[in-house]
Amino acid sequence: MNPEELLSYDRKHLWHPYSSVSNPLPVYGVASASGVRLRLNDGRELIDGMASWWSAIHGYNHPVLVNAIQEQAAILPHVMFGGLTHEPAVQLAKTLVEITPSGLDLVFLADSGSVSVEVAMKMAMQYYYAAGKTQKHKFLTIRSGYHGDVLHCMSVCDPVTGMHQLFSGVLPKYFFADKPECKFSDEWDVNDIHSLQTLIEQHHNELCAVILEPIVQGAGGMRFYHPEYLRQVRALCDTFDVLLIADEIATGFGRSGKLFACNHADITPDIMCLGKALTGGTMTLAATIATRKIEEVISATAPGVFMHGPTFMGNPLACAVAQASVQLLLDSDYSTQIQNIEKQLEEGLAPCRDLKSVADVRVLGAIGVVELLDAVDMASIQPAFVEKGVWVRPFGRLVYIMPPYCMNNDDLQYLCSAICAVLEEESAR
Ligand SMILES: *Cc1c(COP(=O)(O)O)cnc(C)c1O
């Protein structure tokens with residue numbers, strides 16, 4: 001197919017994320033990618049600010065990752081995980097148990113982030129069922145959160161941005177605390193925990209878990225909150241016998257400046273979900289990691305097993321490349337790299353603060369956010385970014401970037417100045 005035929009067939013027959021086929025927005029064909037650059041079918045090159053939705057932390061086509069996939073493909077691309085095991089899964093589990101907060105000991109491999117959240121929620125429900133506290137099956141979360149697109153995950157996404165009204169009567173009704181207002185580097189404000197504390201005090205008899213994104217609320221608003229909030233949630237969960245599920249799918253593997261966002265508060269959740277950057281952006285894989293206590297309680301009561309098992313659970317290709325990606329990260333000086341990106345983003349995005357259309361500019365780790373007063377016009381802003389030679393994909397009022405960690409200062413500065421320039425042009429339109 002030539003590039004025009006490809007795009008024309010795509011327009012008629014393919015559904016893209018959050019898109020309409022009848023009323024399509026521009027879509028670009030990618031021919032290849034390497035390092036921090038995407039190469040389009042028409043020959044143009046774009047500096048990638050998105051790392052393919054937080055995942056391509058080492059950039060594209062990294063030889064170590066490509067090699068891990070090729071080697072494993074020649075040995076065993078897949079085998080069922082029921083009753084069978086293999087070295088890539090065991091190696092990866094060993095690594096994940098070692099690097100996640102101590103106490104997280106049992107790894108359930110899932111095939112996407114949403115599934116790992118669904119698994120975490122089922123674990124929490126089955127835990128209290130097995131413990132004989134069958135009334136504890138509801139969830140408490142915080143507004144502005146995002147936990148995935150399948151129905152049960154949707155029930156704990158922000159009710160407004162998660163479009164709960166479209167699915168009313170279908171989604172279970174859970175409890176939503178006010179979102180934390182105290183910012184990451186603000187002085188801690190004791191009132192910030194009040195809403196969540198009240199809900200947990202009132203409803204702990206019905207609650208199996210609090211589920212939240214630690215420190216960084218991603219797709220629900222790109223907000224960075226205070227580590228003390230997370231510490232206090234941990235303490236409240238302990239006091240009221242409620243499990244804590246930390247959804248680190250976006251934050252895991254260094255993005256917020258620490259290996260895991262939970263490390264900012266030095267807490268161990270009862271269950272942690274990992275995904276996105278787990279395979280360095282090459283294949284779909286996620287993990288739900290739980291404490292031994294959860295497993296022991298579930299196993300002690302009939303049916304005596306945890307009731308979940310995806311067909312492609314523990315896919316050897318995905319496990320092998322995940323192990324290679326995590327090892328690559330651990331062998332690198334990611335902490336210094338991310339500190340440098342943080343500094344570059346702070347400097348590079350600062351001029352956006354002077355634009356009339358901008359409400360806030362914030363940076364944490366390798367995440368840069370420009371929040372606007374009004375929603376962007378995707379039909380004009382997306383081509384404007386491509387014209388400038390950068391790949392940035394805003395949503396709503398948020399223009400944000402989370403570049404691959406290997407991006408050099410020149411590319412970071414170019415990316416930031418392209419964002420400032422496009423926003424200035426757009427606000428003048
Ligand atoms: C992306 C994301 C998910 C969903 O992961 P998928 O792989 O898209 O299913 C869940 N939680 C958080 C915090 C995410 O950022």
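Both counts, for ligands and for their atoms, begin at 1 and track the order of listing. The analysis underlying the following values was restricted to heavy atoms, covering all of them including side chains, and did not include hydrogens, waters or symmetry mates.
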Just checking H152 against Y174, ring centres under 6.0 Å apart? yes
May I ask you to say whether K133 pairs ionically with D241, meaning some side-chain N is under 4.0 Å from a carboxylate O? yes
Can you check whether W15's main-chain N or O pairs, donor with acceptor, with S19's side chain at less than 3.5 Å? no
Is it the side chain (CB and beyond), the backbone, both or neither of E213 that lies under 4.0 Å from ligand 1, heavy atoms counted? side chain
Please work out, at 4.0 Å between heavy atoms, whether the side chain, the backbone, both, or neither of W54 comes within that distance of ligand 1. neither
Atoms of ligand 1 under 4.0 Å from any heavy atom of D247, numbered from 1 in the order shown, are 10 (C), 11 (N), 12 (C), 13 (C)
Numbered atoms and elements of ligand 1 in range of G148, under 4.0 angstrom, heavy atoms: 4 (C), 10 (C)
In terms of its nearest heavy atom to atom 6 (P) of ligand 1, the top option of S55, C273, G113 is G113
Does G218 come within less than 4.0 angstrom of ligand 1, counting non-hydrogen atoms of the residue? no
Tell me whether D48 is salt-bridged to R393, with the criterion being a basic N under 4.0 Å from an acidic carboxylate O. no
Looking only at the aromatic ring of each residue, does the gap between the centers of F253 and Y334 stay below 6.0 angstrom? no
Are Y129 and H137 near enough that their ring centres are under 6.0 Å apart? no
Would you mind listing which atoms of ligand 1 come within a distance below 4.0 Å of any non-hydrogen atom of K276? 1 (C), 2 (C), 3 (C), 14 (C), 15 (O)
Can you tell which of G220, G275, S114 gets a heavy atom nearest to atom 9 (O) of ligand 1? S114
